[in-house]
Structure formats: C-alpha cells, structure tokens
Amino acid sequence: MNKEIYVGKDPEKMVISAAVEVQGKFKTVALPELGNVPASVSRLMPAAGKSHCRIEVQPDGSMLIENMNPANATYVNGNEIVKKRVAGDAKVELGVDRFPLDLNAVLSSVSSVLPASIA
C-alpha cells in the first residue's frame, strides 16, 4: 500500500474515521469504537482538505504521520509532533485530550475499502 490516509472525527457520526482516495473519490470508514471523541479532535472532511492528521504509508510499510491542524495537537509516544516517521506499534494520541489512535486499526479499516490491486 502506498497511500495517504486522512484521520479525524466524522462530522455526522462523531466517531473516529479514516479516508483514502480511490480512483478520484474518497472512501471513508469508521474505526472500531473507542469511546466518545472529544472536541479537540478535528473533523474529517477530506474533499475539503480537512483532517486531524494524515498518515503516509510507503511501499515498504513505513509510515509518516503529520498533524494537519495546528490548532489541535497530535502526539507520538508522548511527544507533540508536526511530522514524524512511526512504526505500527507507536502510541498515537489526537488532540489536547490525547484521544488514542490505533495505527493498526487504521490500516486494517482502510484496507477493507481498497481494491485488492492496491491494498
């Protein structure tokens, strides 16, 4: 998989969701329920270029996570980041409330909406 994955709070369902572009259209999938999503997590509106963070997955499986909204923080292993290379077991938290984000759940959920040719 060599994809950009956008992560944020679904503005209608108020759950954490991930979106990936497939053939020019965004496919969005809700992540496994983790509890109430705090207001400090940015909304996910990929068509408008809005999300809390973006995860770039490289062909070799490495990942780069980037905070997309300077008003809301993203943390990796306890440190606030702007952009950082991460492993799948990294502890990622969103917003000042430090809402947990499971990178493996993100990858698994997104893979379920990708065509087999690019998953």
Side-chain angles (χ1 to χ4, degrees):
M1 180 184 338
N2 184 15
K3 281 290 178 190
E4 291 184 346
I5 303 168
Y6 299 89
V7 178
K9 179 172 43 180
D10 183 300
E12 294 175 13
K13 300 174 188 164
M14 303 309 271
V15 297
I16 292 290
S17 295
V20 64
E21 192 171 353
V22 178
Q23 298 174 343
K25 294 186 179 185
F26 283 99
K27 300 248 182 190
T28 302
V29 60
L31 299 180
E33 185 58 44
L34 298 171
N36 293 333
V37 180
S40 65
V41 176
S42 296
R43 293 183 293 162
L44 176 64
M45 299 187 304
K50 295 182 180 181
S51 66
H52 191 97
C53 63
R54 178 178 61 150
I55 303 165
E56 291 180 41
V57 182
Q58 305 300 314
D60 67 0
S62 65
M63 293 179 279
L64 186 67
I65 188 166
E66 180 179 8
N67 184 55
M68 299 298 291
N69 183 346
N72 294 331
T74 299
Y75 299 89
V76 174
N77 297 328
N79 298 308
E80 187 172 354
I81 60 102
V82 174
K83 188 183 256 190
K84 181 164 181 66
R85 189 159 305 281
V86 296
D89 62 350
K91 180 181 177 186
V92 177
E93 299 164 306
L94 306 179
V96 296
D97 297 304
R98 295 188 178 225
F99 189 79
L101 179 67
D102 181 339
L103 290 177
N104 290 317
V106 171
L107 296 176
S108 177
S109 296
V110 167
S111 291
S112 72
V113 298
L114 291 175
S117 62
I118 59 174

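Everything quoted here is computed from the prediction, not taken from an experiment. Basis for what follows: all heavy atoms, side chains included, without hydrogens, waters or symmetry-related copies. One-based numbering along the sequence shown.
The main-chain N or O of P38 is found under 3.5 Å from a side-chain atom of K9 such that the two form a donor-acceptor pair. Without hydrogens or angle criteria, H52 side chain to A73 main chain gives a donor-acceptor distance under 3.5 Å. A donor-acceptor pair under 3.5 Å is absent between the side-chain atoms of D97 and the main chain of F99, judged by distance alone.
Two residues are said to be in side-chain contact when any heavy atoms from C-beta on lie closer than 4.5 Å; M45 and P11 meet this criterion. For the pair I65 and I55, the minimum side-chain heavy-atom distance is below 4.5 Å.
Closest approach of V41 to N72, counting heavy atoms only: C-ND2, 4.3 Å. Here the closest non-hydrogen pair linking K3 and V20 is CD-CG2, 3.6 Å. The two residues V96 and Y75 come nearest to each other via the heavy atoms CA-OH, 4.4 Å. Residue A87 comes nearest to L103 through the heavy atom pair O-CD1, 3.4 Å, listed as atom of the first residue, atom of the second, then distance. The two residues A18 and V110 come nearest to each other via the heavy atoms CB-CG2, 3.8 Å. When all heavy atoms of M68 and P70 are compared, the pair lying nearest together is O-CD, 3.8 Å.
In this structure, OG1 in T74 is found 12.5 Å from CG in N79, a value given to the nearest 0.5 Å. A distance of 11.5 Å separates CD1 of I5 from OG of S51, quoted to the nearest 0.5 Å.
V92 is connected to V37 through a chain of hydrophobic side-chain contacts under 4.5 Å among Ile, Leu, Val, Met, Phe, Trp and Tyr, so both are in one cluster. Both V86 and V57 sit in one connected hydrophobic cluster of ILVMFWY residues. Membership requires side-chain heavy atoms under 4.5 Å apart, directly or through other members. Hydrophobic cluster membership differs between L101 and L64, with clusters built from Ile, Leu, Val, Met, Phe, Trp and Tyr side chains linked at under 4.5 angstrom. Taking hydrophobic clusters as Ile, Leu, Val, Met, Phe, Trp and Tyr residues chained together by side-chain heavy-atom distances below 4.5 Å, Y6 does not share a cluster with V82. A continuous path of ILVMFWY side-chain contacts below 4.5 Å connects L107 to V7, so both sit in one hydrophobic cluster.
Under the rule for a side chain to side chain donor-acceptor pair (under 3.5 Å), S108 has no partner lying at least two apart in sequence or in another chain. The salt bridge (Lys or Arg N to Asp or Glu O under 4.0 Å) check on R98 picks up E93, with sequence neighbours excluded.
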| said: If you apply the rule side chain to side chain contact (heavy atoms under 4.5 Å, CB included), what do you find for I16 with L94, and how did you get there? | reply: CA-CA 10 Å; I16 292 290; L94 306 179; 4.2 Å; yes
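Sorted by first and then second residue, the pairs that involve residues 41-56 and meet salt bridge (Lys or Arg N to Asp or Glu O under 4.0 Å), not counting sequence neighbours, are E4-R54, R54-E56, R54-E66.
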